Chemist: 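Shown below is the structure under consideration.
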Protein chains: 2
Amino acid sequence: MVETARNTRQRRAVGAILDDLDGFASAQEIHDILVRRGDKVGLSTVYRNLQYLVDAAEVDSLRGDDGEVLYRRCSAGHHHHLVCRDCGRTVEVEGPAVEKWADRVAAEHGFSDVAHTLEVFGTCSECGA
Amino acid sequence: MVETARNTRQRRAVGAILDDLDGFASAQEIHDILVRRGDKVGLSTVYRNLQYLVDAAEVDSLRGDDGEVLYRRCSAGHHHHLVCRDCGRTVEVEGPAVEKWADRVAAEHGFSDVAHTLEVFGTCSECGA
DNA sequence: TCTTTGATGAGAATCATTCCCATGAAGGTC
DNA sequence: GACCTTCATGGGAATGATTCTCATCAAAGA
């Protein structure tokens with residue numbers, strides 16, 4: 001018998017929130033939304049399911065300024081984020097030049113097995129008004 | 001009378017550790033080194049002084065995978081880091097093209113007040129052997 | 001030496017996140 | 001549908017980094 005992830009009410013609820021969200025949100029925020037909405041889901045369960053989704057590459061996570069981890073459903077493939085630090089609104093962006101730069105710089109210094117993190121933060125046009 | 005930062009024993013001790021370190025270290029690690037060395041410095045004081053140094057741009061900080069904040073004395077000016085994920089050895093690198101790319105992308109999407117985080121991780125030549 | 005005032009430190013407080021474990025419910029099987 | 005196995009859940013405790021509090025200390029100037 002093959003092990004499959006169970007399709008629980010709670011897992012569906014977390015997924016539904018992520019579908020509705022435009023930008024990144026913390027586990028606590030997602031939990032708050034669920035509670036306000038009337039879905040009873042434990043905080044531990046929210047964390048667990050977010051982690052499942054991250055492992056399954058269905059959700060991207062990044063760390064905000066204050067160290068909180070933020071989550072967002074994202075498209076496949078390597079990309080970076082332009083995030084509004086006020087409202088969290090996010091634009092996925094690509095930077096082929098950056099990828100090449102990182103690889104080149106690493107190679108120049110003899111580093112192998114290279115990875116990089118790159119996020120751009122700013123204030124979006126709406127929040128800046 | 002002008003307000004100046006006082007040159008305390010504890011502040012000098014934290015600075016001395018940073019001078020000796022090659023790579024990034026956490027506040028707790030720095031505190032451990034001080035204690036082992038026999039310098040009696042409170043943990044709060046280590047945090048405070050590191051924060052002073054960061055504010056004074058004498059020290060760079062970044063967040064490791066586990067969310068811990070790491071500190072390292074760095075040269076002035078905007079730069080990024082190529083960090084060995086095994087031994088922590090760090091090379092400061094510059095990427096003017098990346099800066100421009102980030103600003104351009106942000107501007108294209110109407111974002112203002114732009115900042116970015118970029119760190120490159122890899123395995124250095126020594127650790128890769 | 002004396003005074004002023006920022007600096008220190010020990011522990012409490014905070015906050016996100018993870019752990020624990022008794023209970024619940026998917027999903028397969030008959 | 002009843003049953004069983006096993007993973008999922010949840011609520012509260014535990015963890016761990018960081019910050020806060022505040023009584024006490026010690027720079028640095030007068």
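Proteins get letters first, then strands, A, B, ... in listed order; numbering begins at 1 in each. As a basis for the values below, the full set of heavy atoms in this structure was taken, side chains included, without hydrogen atoms, waters or symmetry mates. What you see is a predicted model; the values in this text were computed from it and never measured.
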Chemist: Should A/I17 and A/Y71 be counted in the same cluster of Ile, Leu, Val, Met, Phe, Trp and Tyr side chains packed under 4.5 Å apart?
Modeler: yes
Chemist: If only atom types and distance count, is the side chain of A/E92 paired as donor or acceptor with the main-chain N or O of A/H79 below 3.5 Å?
Modeler: no
Chemist: Testing B/I33, B/V46, B/L43, B/V69 one by one against B/Q28 for a side chain to side chain contact (heavy atoms under 4.5 Å, CB included), which residue passes?
Modeler: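 By the side chain to side chain contact (heavy atoms under 4.5 Å, CB included) criterion, B/Q28 pairs with just one of B/I33, B/V46, B/L43, B/V69: B/L43.
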Chemist: Using a cut-off of strictly less than 4.0 Å, decide whether A/R11 has a side-chain nitrogen or oxygen near OP1 or OP2 of D/dA8.
Modeler: yes
Chemist: Please determine if a side-chain N or O atom of B/Q10 lies less than 4.0 Å away from the OP1 or OP2 oxygen of C/dG9.
Modeler: yes
Chemist: Give a yes or no on whether a salt bridge exists between B/R89 and B/D22, defined as a side-chain N under 4.0 angstrom from a carboxylate O.
Modeler: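 No, B/R89 and B/D22 are not salt-bridged.
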Chemist: Using the salt bridge (Lys or Arg N to Asp or Glu O under 4.0 Å) criterion, which residues pair with A/D55? Sequence neighbours excluded.
Modeler: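 Listed in chain order: nothing, the list is empty.
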Chemist: What's the CZ-P distance between A/R9 and C/dG24, to the nearest Å?
Modeler: 14 Å
Chemist: Under a 4.0 Å heavy-atom cut-off, which of residues 15-30 of chain B touch DNA chain D?
Modeler: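 DNA chain D contact set from residues 15-30 of chain B: B/Q28.
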Chemist: Got a sec, which residues hit salt bridge (Lys or Arg N to Asp or Glu O under 4.0 Å) with B/E94, two or more places apart in sequence or on another chain?
Modeler: none
Chemist: So for A/R6 and C/dG27, does any side-chain atom that can act as donor or acceptor lie under 3.5 Å from a complementary atom in the base?
Modeler: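 Absent.
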Chemist: In whole angstroms, how far is the C1' atom of D/dT6 from the CG atom of A/N7?
Modeler: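 Between C1' of D/dT6 and CG of A/N7: 16 Å.
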Chemist: Salt bridge check, B/R85 against B/D65: does any charged N sit closer than 4.0 Å to a carboxylate O?
Modeler: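 Looking at B/R85 together with B/D65, the answer is no, because their closest N to O distance does not fall below 4.0 Å.
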Chemist: Which label fits B/H80 and B/H116: parallel for a plane angle under 30°, tilted from 30 to 60°, or perpendicular past 60°?
Modeler: tilted
Chemist: Salt bridge (Lys or Arg N to Asp or Glu O under 4.0 Å) with B/R104: which residues, sequence neighbours excluded?
Modeler: B/E108
Chemist: Identify the heavy atoms of A/R63 and B/D66 that sit nearest to each other, and give their distance.
Modeler: NH2-C, 3.8 Å
Chemist: Roughly how bent is the helix from C/dT1-D/dA30 to C/dC30-D/dG1 end to end, in steps of 10 degrees, with each end axis from five pairs?
Modeler: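 About 30° separates the two local helix axes.
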Chemist: Where along residues 38-71 of chain A does a heavy atom fall under 4.0 Å from DNA chain C?
Modeler: A/L43, A/S44, A/Y47, A/E68, A/V69
Chemist: Counting only N and O atoms by type, is there a donor-acceptor contact under 3.5 Å from the side chain of A/H31 to the main-chain atoms of A/G42?
Modeler: no
Chemist: Specify the separation, in whole Å, of atom CZ of A/R12 and atom C1' of C/dA26.
Modeler: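 Roughly 10 Å, once rounded to whole Å.
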